[in-house]
Amino acid sequence: MKKILILLLLISPFMGCDLDKDFEEMNIDPTKGASLDVNTKMSGVLLRGAGTEYEMTVTKIIYFSQFNQYLVQNSYPQGMFYTFDGTYNAGIWDSYYSDPIKTIQDIIVQLEADESTIVGSEMAIAKIWRAYLFHEIADVYGQSPYFDAGKGYTDAILKPAYDPLEDIYFDMLEELEEAGAMMTNSSTLGSADFIYQGDTDKWKKFGNSMMLRLAMRMMEVDEVSAKAWAAKAIAGGTMASNADNAYMARQDGPQDGNRNAAALHFSKYPDTKVAATFYDYLDDNNDPRLAIFMDPASPARGQFVGYSPTQLDSTFDMTIDSFAVVNPVFDKMNTPTVLLNYSESELLKAEFAERGGTGNAATLYASGVTAAMKMWEDVDPSLAIADADVLAYLTAHPYVAGLDGQKMIGEQYWATHFFDFTEAWSNWRRTGYPILEPFGGAPPNALNVTNGTIPRKLVANRGEAATNPENYAAMISAQGNEMTTKVWWDVKVHPTN
Amino acid sequence: MKLKLTKVITMITKYSIYGLVFQSLFLNMLLANPGRAQKNVSVREVKVALNSDDLTVKKIFSQIEEKSDFRFAIDKSDLKSELNQIVNIEAGEKAVSDILLQVSKDSKTKFRQINNNITVSRLELNDTEEIIIDQERSISGTVSDAQNEGIPGVTVQISGTTTGTVTDMNGAYKMSIPEQGATLIFSSLGFTTQEVSIGSRSILDVVLQEDVEQLDEIVVTALGIQRSSKALAYSVAQIDGEELVKVRSTNALQSLRGKVAGLNINGNAMGVKASTRVVIRGNSSMTGNNNPLYVIDGITMSNDNVGGAGMWGGYDAGDGLQAINPDDIETINVLKGGAAAALYGSRASNGVIVITTKSGKGQKGLGIEINSSVQFDNLTNVFDPQKSYGQGQNYGDPLDPLNTFQSWGPLMDGSSRTTWDGSSRPYESSGDNLEKFYRTGVNTANTISLSTGNDLGSTRLSYTRMNAQDMQPRSNLKRNLLSLNTNQKLSDKLTIQSSVKFIDELSEGNPNLSDAPNNANASIRYYAADIDIDDFIGPNGDGTQANNIDEFRHSTNIYFTNPNFVVGRSRNYIDKQRLIGSISAKYDITDFLYVKGQGGVDRMNMHLNDQAFSLWPIGVAFSPGGIMSEQDVSIRQSDLDLFLGTDNLRLSNNLVLNAFIGSGRFSYSREQSTLRGDNIVIPGVYDVRNTSSQLIDYYFAEKAINSVYGSAELAFKDAIFVSLTARNDWFSTLSLAGKESPNNDLYTSASVSAVLSDLVTMPSIINFAKLRGGYSQIAGGADNPYGLSLNYGLTGSHTGNDGVSLPTGQISGGTIPNREIKPFQKNESEIGFDLRMFQSKMTVDFSYYDNSTIGDIVAVSASATSGYTSSLANLGEISNKGIELLIRGTVYEKGDFSADLTLNYAKNNSEIISTNDAGDNIFIDQTRNMAAGVTQVVGEQFGTIYGSYFQRDANGNKIYSLNGDGVPLAVRSTDQKILGNGVAPTQLGIGTDLRYKAFQLSVFFEAKFGAQIYSNTNAFLKQVGMSKETVPEGGREAGFLPDGVMDDGSEMVRVTKENLDVFWANQWDIGEESVYDADFIRFSQLSLSYSIPRSITNKLNLGSASVSVVGKNLALWSDVPNVDPESAYQARNGQGLEYAGLPVPRTVGFNVSLKF
């Protein structure tokens, strides 16, 4: 039959041609490539992994910044009242899995396949960045797809299994260790590495600082392992100064992804105000950061008023101008994003020392606080704090050993991570510092889903019930999936005032 | 409405059908004139016994006359001697022919049989035979036009011969025909040529249609080839252009709603600009395109739906069909079955809609037609909120007076109250905000057409100007359509035909649907009962604040834009130009062999300046800097076909062949570039360069299909028709270097049609009966190109800490590619019959079909954690089985009065047989509150509504649990289940035409049953306390006792009036809460027209003139509260989801039609 039909070509408009001669060529998208070099992919995954407007707005600011009592927002009180919203809960889940996770897995597959070039450093950087991305998902959602995630194309895994959080943690730690070992002295990334321009020494420190962060996170649930990994991280060399800090440079467009995600939020929501808890902490302690975090054009110092939990019932209105707002520097689209900083490592080392590890807690504490105050001048020169002010602050707040020291470290960790809302929330969940009185009013807001307590986990995307039902159900029965569910490392009974 | 609508409707339907059938039977029996059923037999077949051996010729004749139906016609004076001749014949039974042979020999006479008459004459010397018993029949009748006036000068010709005659002044004709059945061809300039098989009839009255391809007779099939309808083995519905202009729609196909069995038409809630979703015989692809192929004047037409809302909002930028002016349409043929579509190729796997536009054919001299219509759109009373409780929370005052979307305050008593802006207003119902905000829509359409024709060709030129003002202020549509059709016989053998359509359209202020930003239709329904939309108009009258820039705040929720600001400041427009052109040339090589070539192109350029979809003016609360974008879209598709065919090639006396072989190429490309700018610098200057940062985006897609095909149709005795087709398509979208699976497929069809009424004797009430059946395959490729391999794209560039700018890349798309995708196949079996009864006053057309799509190319849902949202697979299978019934009849006819009734009924059962190896669900779409969505689930119908639900105990009672404040709250599921089905399986249309003298009244009712709708609007109305469902019987004061059980087995706790808002806020996003049965009956059309009598038109020098009053959507019966059950927000596969659309209007208007 086919032969007969082909004979009919004698009267064909394309007589003499193969019937599908130009089709293979036609079906190649001229605007896309079948492959892409590692550097260009790496640029993309670093940029998007450093935060985009979507998850910054719907999850990190609306939920975490309010959980942490840094900020409050009249138009989006979900993070004050601890109410459920499917979109806001799933912001990090949706953003990370859909792109950076898949692309970083793709990069690693590409590097593994590429035997022609020396890929030690590139692979190491990719693994470090992968751990950086995954640890945030794991901390926020607890059990989540890790080993199978992002492998829809490479391994045809359409329904990734959810992995126990401890398995994820130990694998991330091993990956970081492996990355440190394979890092060479140079990398071909160059300028494509928007963070360190291919400086492998800095990436190595970044990796060890991440290892320290993860190790310390396990402190309450598995102290032995935590200390062993922390010691390993410190021995490997964590960040040594603010010069090692990881920043993502920002610029005003053309895409949202180029911009400082927090600024995109602040420009749209002028009703985003500073919470009284954070404001008062800085103010009460004469913290010089008060002047750089708050808008100096707001009412004169002393008149700044933050928004407090007790106000929620009667005066649910933040249109009043006397509420403090953040410094307009942070509203700028080109203000860099701090991804990981030296101050954090020093504070974690201080805690490690305080809890029986190596080092001098007081020295490390002072070093961490100094770094935290001085690091903002690298973000914008106008945010510089004079050495004398730092010294005065440290003199006024000398380190006290013991539980009070742990409290001081926890509060400083909170102050250091203004704008890294996820990390501050995770550390609060682990340590209970700073001690926070839940928002939400009394009795709790009608839509509150936590009985008035600060949430301990976000709800994994409920859409998984339809697209990954068995694994999702297994996760729920193994761990729970409520905003009050505590993840593996969240076991400490929080201190109260 | 509390009544069980479905039940009632089923009952009404049942009785309507019974009624129609009985009425038709009864009336027609009374009125029936049992025509002269004459049976012609040959003298060779009839035997008679003569009573004696020796009889005179005269006696023999009288004995034959006595014992048979034969009558002798004799000129007695001339044959006196012969008649008295004695003939010697043996007595006993003998064939009449044998008797006459002997008579002839003995008396030197000869005979000629015409019907039952035998003429006798003298045998002449040169007659070679002694007897000529030449059986002949005569046929007579009248040829008249549709107005029942005889047409003089019609050529009546016996098919395949040169024998013929011409009708007289009254249209009457009479002629002899051969004994063997023959077909008569009636042809006249200006009328459609008709071929009628005589069968056993001796009287044949014919009505010729003025240059219209009649449903009964000629149907345009694949490649523009015309076939007699009785040869077709599949169901075809033909709709006259008149039907489309009776009650006009901006989208011509909307006028077919409910009128064609098996054609499921939906729009979306976007007013006059809405796209139309048309599905024939059920959805046959789970995720792909389910729209039929549109063919206009032989050339395929693009029907891309550009834009369209999803869960995050957006607006519909219209579809391709809108470019066709209803006034230009001669007929629409809906080719429903696979066999019908097999020769259009893979793109016809969802059926074909063939549009034939008017030509000047049949026009003698210059004809001018003018048609004018004006229609007014008004709100219906579907939106019916509570009006007793005003703004507030917990049955008290609002905590934040600007929080206007909460109507949980105390009973309104008219007292003075401090409101959102600090001023006092009476605490009372603000009236109907929708009435205040929407305007009366005014739609006008004016068409003038010029046509001329002669024996060699014809030309028609038409121009239409359409102006539509939507109900939403500032939403306007202006459309100019120019159409030129010509056909010309260049020589005896060469005919060319061309068609050009040019469309220029400007559509501004397009309403957003679904999600709230910039959607005026969202906020307006949710204001508390005492909130007045007019209070938010602002000092400048356009929803801005005093600074004339910023949005006037109407709510604390910045994503719900002030409707006054939406229409006052947001801007968007679509500027569309489209050219559809085709040329065909047919060359007759011999009188039975021809070659034909045709080519056409459909090119559309669109410019979207879109500040409503993703872009907003400076000052809008949720994006104060403003965003704007400009987009250019260019869509081009072309067809080229060349084929060789036979035209009624007579293989033998009883066997006629119509066949062709050919090949074609279809190609398509779409290119679009977008300029987007963020943060407008100078307010009011709408130029992308006037923004602080800009983004460029570019998209390109290209695909083609090459085909070779052939078809053969054998007609046996013009009563049995066997058709075979074969086609092989090659798909570019399935082509990839190194691919192992095929990129092409060969598919065939076979079908048979038997005109039983021509083959066997039928009861006298049946005039025509045809049985048809067929089996067909159609293969298809992937809709979209580039789906076989993973692609990487650049997303832009970025500058790192060292100041160096470099591009950033990523994996493109969220669907996992599959390099081994091969063509899918749709198989369909169909059987059916056509019956015409009572002098064709009643027709019945029935079909049963069973189709399945195997290897459907689907994007199966994947967990987002895989990095992708779906995976392309080739394992989908979906089946559709259904029946279609069309009954048309003249139920009453007396004097000047007549009544016609039309009823059509269709039922389709769809089932998803498989998706992929694992039977995974396929996610299609979900609503903004994520409570429900549309998902394809194995074992279920196409498009189930899938969502969260209430936890229930073993007895089905809802389970409630006390919250911290002691309020019983419904416990929600942690997973999702099937809550309904978004596509109606059953649809019904009933219409009647009543005529009295020059008046004609047409009414039409449309109904659909068996579907559900997820109404996000109602979910929202419950959350904000505006739904009547939130007011318990007796008012909110006494609280509300939920119907269910407590989770701890204790007594059900009453929700106090203070906690009703908490109660409803808890369950507004439980999917099950807002799923409604979408059954409805709609009084969809009314038209009362008056044809101005000829006595007047003649004086005015007019050919004809008519005026009519029309109405659309005049009444609706539905159980869905507050929204129209058909207000979907998109025309794609996510059917059954509704959110914040433009209200469906009620339309009244006038038409004037003049012919010169």
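Below, chain A is the first sequence line, B the second, and so on; all start at residue 1. Because the structure is predicted, anything quoted here is derived from the model rather than measured.
- Residue contact with chain B, scored on non-hydrogen atoms closer than 4.5 Å, is absent for A:S144.
- There is no side-chain donor-acceptor pair under 3.5 Å between A:Y472 and B:D975.
- Contact of B:L734 with chain A is made through the backbone alone, with heavy-atom distances under 4.5 Å.
- A:K41 touches chain B through backbone and side chain together, each having a heavy atom under 4.5 Å away.
- The contact between A:I28 and chain B is made entirely by backbone atoms, counting heavy-atom distances below 4.5 Å.
- Only the backbone of B:Q694 comes within less than 4.5 Å of a heavy atom of chain A; no side-chain atom from C-beta onward does.
- The distance from the OG atom of B:S866 to the CD1 atom of A:I101 is 12.0 Å, given to the nearest 0.5 Å.
- Between B:R665 and A:D22 there is a salt bridge, with a side-chain nitrogen of the basic residue lying less than 4.0 Å from a carboxylate oxygen of the acidic one.
- Residue contact with chain A, scored on non-hydrogen atoms closer than 4.5 Å, involves the side chain of B:L794 exclusively.
- Using a 4.5 Å cut-off between heavy atoms, A:D252 contacts chain B through both its backbone and its side chain.
- A:F23 contributes atom CZ, which lies 12.5 Å from atom NZ of B:K739 (distance to the nearest 0.5 angstrom).
- Taken from CD in B:Q976 to CD in A:E464, the straight-line distance is 11.5 Å, to the nearest 0.5 Å.
- Nearest heavy atoms, A:G44 versus B:T808: CA-CB, 3.7 Å.
- Contact of A:D99 with chain B is made through the side chain alone, with heavy-atom distances under 4.5 Å.
- The shortest heavy-atom contact between B:T865 and A:P160 is OG1-CG, 3.1 Å.
- Remark: the backbone N or O of A:D20 is not paired with any side-chain donor or acceptor of B:N706 at under 3.5 angstrom.
- Residue B:L736 touches chain A through its backbone alone, counting heavy-atom pairs closer than 4.5 Å.
- Interface remark: B:I816 contributes side-chain atoms only to the contact with chain A (heavy atom separation under 4.5 Å).
- The closest side-chain donor-acceptor pair between B:S693 and A:R259 falls under 3.5 angstrom.
- Residue B:F731 touches chain A through its backbone alone, counting heavy-atom pairs closer than 4.5 Å.
- Scanning all heavy atoms of the two residues, the minimum distance from A:Y153 to B:Y868 falls at CB-OH, 3.4 Å.
- Neither the backbone nor the side chain of B:F923 comes within contact range of chain A; no heavy atoms are under 4.5 Å apart.
- Annotation: the span from A:T31 atom OG1 to B:D697 atom CG amounts to 9.0 Å, rounded to 0.5 Å.
- A:S267 contributes atom OG, which lies 7.0 Å from atom CG of B:N679 (distance to the nearest 0.5 angstrom).
- Per-residue counts of heavy-atom pairs under 4.5 Å with chain A were compared for B:L788, B:N791, B:V804; the largest is that of B:N791.
- When heavy atoms are compared at a cutoff of 4.5 Å, A:A249 approaches chain B by way of both its backbone and its side chain.
- The CG atom of A:N258 sits 8.5 Å away from the OG atom of B:S805 when rounded to the nearest 0.5 Å.
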- What's the verdict on side-chain contact (heavy atoms from CB on, under 4.5 Å) for B:M930 and A:D85, showing C-alpha distance, side-chain angles and the deciding distance? CA-CA 10 Å; B:M930 298 194 227; A:D85 181 288; 5.6 Å; no
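- Contact record, A:N27 with B:T733: ND2-O, 3.4 Å, taken as the closest heavy-atom pair.
- In terms of heavy-atom pairs under 4.5 Å with chain A, the best-connected choice from B:L790, B:N1066, B:L402, B:I696 is B:L790.
- The two residues A:S191 and B:D802 make their nearest non-hydrogen contact at OG-OD2, 2.6 Å.
- Residue B:S789 does not touch chain A at all, counting heavy-atom pairs closer than 4.5 Å.
- For A:F84, no part lies under 4.5 angstrom from a heavy atom of chain B.
- Residues forming a side chain to side chain contact (heavy atoms under 4.5 Å, CB included) with A:N471 (at least two apart in sequence, or on another chain): A:K159, A:A161, A:Y162, A:N468.
- Interface remark: B:T935 contributes no atoms to any contact with chain A (heavy atom separation under 4.5 Å).
- Of all the listed residues (B:N801, B:L695, B:L806), the one sharing the greatest number of non-hydrogen pairs under 4.5 Å with chain A is B:N801.
- In terms of non-hydrogen atom pairs under 4.5 Å with chain A, the most contact-rich of B:G800, B:S732, B:S555 is B:S732.
- Note: B:D678 leads B:V595, B:T556, B:D678 in heavy-atom pairs under 4.5 Å with chain A.
- Screening A:T103, A:D37, A:L36 for a side-chain contact (heavy atoms from CB on, under 4.5 Å) involving B:Y792 leaves a single residue, A:L36.
- In this structure, A:K32 forms no cation-pi arrangement with B:Y786, as its terminal cationic atom is not both closer than 6.0 Å to the ring centre and no more than 45° off the ring axis.
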- Starting from the C-alpha separation in whole Å, work towards a yes-or-no answer on side-chain contact (heavy atoms from CB on, under 4.5 Å) for B:Q810 and A:R48. CA-CA 10 Å; B:Q810 68 178 148; A:R48 287 184 300 282; 3.2 Å; yes
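- Interface remark: of the candidates B:G933, B:S870, B:G809, B:G809 forms the most heavy-atom pairs closer than 4.5 Å to chain A.
- The backbone N or O of B:T799 lies less than 3.5 Å from a partner atom in the side chain of A:Q251, making a donor-acceptor pair.
- Relative ring orientation between A:F194 and B:H798 is described as perpendicular, the plane-to-plane angle rising above 60° on a 0-90° scale split at 30° and 60°.
- Across every non-hydrogen atom of B:G813 and A:K102, the tightest pair is O-NZ, 3.3 Å.
- Of the atoms belonging to B:N921, it is side-chain heavy atoms, and not backbone ones, that fall under 4.5 Å from chain A.
- Per-residue heavy-atom pair counts under 4.5 Å with chain B were compared for A:A465, A:G152, A:G463, and the maximum is reached by A:G152.
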